[in-house]
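Below: the structure, in structure tokens.
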Amino acid sequence: MITEDERRETVLRLYPIFKEEVYRRRDQMMRWTAIGAGSLVATLSIVLLVPTAHSLSVTSRLLLVCAMLLLTITYIGIIWQQHNRHRQAKQQLIKLEQALGLFEEFPGHDDHALYPDDWQNEWTRDRSLLQYIAVLTLLTGIVLVAILQPSL
């Protein structure tokens, strides 16, 4: 049977690991959004600035559209996976914070908890995934219009 001291020591060792994981996953979501957006903007620039791009055949345009859709779906899948892992790490981090008593009243600290109660469920209102997906979706739409527009 594990003693209370051993349990507390385990929680103290796990806490920084999960805290870092929460930040790392958020960073990965932002990084993959930036990579995806950069790829789409680069493609848009090529389609708009390279003169021969306007003379692509219908088949070539459709293949390029399919490739852009596949690329965007891949980026969204990666971001979604990082988001799920971020949420799991955040949930575990909150459990560790609860085990450490960070949400309980702290004597000598104006009888307030170190962490506010709303931190325990604030993560459920996170809308960053929707923002990341919206950016990629809008850029993809712009790229698709540029690819599909008839040559000038």
Side-chain angles (χ1 to χ4, degrees), residues 2 7-104 112-152:
I2 189 169
R7 181 174 180 221
R8 181 159 178 77
E9 182 64 28
T10 301
V11 170
L12 286 171
R13 286 183 188 262
L14 289 175
Y15 182 76
I17 294 168
F18 278 94
K19 188 129 182 132
E20 177 60 30
E21 183 69 6
V22 168
Y23 289 119
R24 184 176 30 248
R25 295 302 175 176
R26 173 72 71 191
D27 181 62
Q28 287 295 315
M29 290 167 62
M30 291 184 291
R31 178 173 285 127
W32 282 107
T33 301
I35 292 169
S39 299
L40 290 166
V41 169
T43 302
L44 179 63
S45 299
I46 291 168
V47 168
L48 294 177
L49 298 176
V50 174
T52 56
H54 297 291
S55 62
L56 289 174
S57 68
V58 173
T59 305
S60 296
R61 289 177 188 272
L62 290 177
L63 286 173
L64 192 53
V65 164
C66 289
M68 289 298 97
L69 288 172
L70 186 59
L71 183 69
T72 300
I73 290 168
T74 301
Y75 284 129
I76 288 173
I78 292 168
I79 294 165
W80 202 304
Q81 180 185 49
Q82 295 301 318
H83 174 73
N84 286 337
R85 291 179 179 174
H86 169 76
R87 287 177 63 95
Q88 290 169 351
K90 185 67 175 178
Q91 288 172 324
Q92 189 59 45
L93 181 68
I94 290 169
K95 288 178 185 175
L96 293 170
E97 290 169 346
Q98 289 168 340
L100 290 171
L102 299 177
F103 296 105
E104 298 170 8
H112 294 295
L114 289 176
Y115 289 3
D117 278 340
D118 63 336
W119 282 20
Q120 294 179 73
N121 56 18
E122 185 68 30
W123 63 273
T124 61
R125 293 185 286 279
D126 180 21
R127 300 290 177 246
S128 61
L129 178 64
L130 293 176
Q131 293 169 343
Y132 302 146
I133 290 174
V135 165
L136 292 178
T137 302
L138 288 172
L139 279 171
T140 301
I142 293 168
V143 170
L144 296 182
V145 167
I147 293 169
L148 292 173
Q149 79 178 10
S151 49
L152 301 172

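Residue numbers start at 1 and run along the sequence shown.
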| Is there a donor-acceptor contact under 3.5 Å from the side chain of Arg8 to the main chain of Ala99? | no
| Do side-chain atoms of His86 reach the backbone of Arg25 as a donor and acceptor pair under 3.5 angstrom? |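 Flag not set: sc His86 to bb Arg25 has no pair under 3.5 Å.
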| query | Quick one: CD on Gln91 to CG on Leu96, what's the gap to the nearest 0.5 Å? | reply | 12.0 Å
Just so I know, are the side chains of [X] and [Y] near enough to count as touching, which here means a heavy-atom distance under 4.5 Å?
{"X": "Gln88", "Y": "Gln92", "value": "no"}
{"X": "Arg24", "Y": "Asp27", "value": "no"}
{"X": "Tyr132", "Y": "His83", "value": "no"}
{"X": "Arg26", "Y": "Ser128", "value": "yes"}
{"X": "Leu12", "Y": "Tyr15", "value": "no"}

| field | CZ/Arg125: more than 12 non-hydrogen atoms of other groups inside 6.0 Å | value | yes
Let me have the donor-acceptor pairs involving side chains of residues 40-53, under 3.5 Å, with sequence neighbours excluded, atom names and distances please.
| residue | atom | partner | partner atom | Å |
| --- | --- | --- | --- | --- |
| Thr43 | OG1 | Ser39 | O | 2.9 |
| Ser45 | OG | Val41 | O | 2.9 |

| Checking side chain to side chain donor-acceptor pair (under 3.5 Å) for the pair Thr137/Thr140: CA distance, chi angles, key distance, verdict? | CA-CA 5 Å; Thr137 302; Thr140 301; over 6 Å; no
| request: Please name the pair of heavy atoms, one in Trp32 and one in Ile79, separated by the smallest distance, quoted to 0.1 Å. | output: CB-CG1, 3.7 Å
| field | Contact summary for Leu56 and Arg61, nearest pair of heavy atoms | value |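 Nearest heavy atoms, Leu56 then Arg61: O-NE, 3.3 Å.
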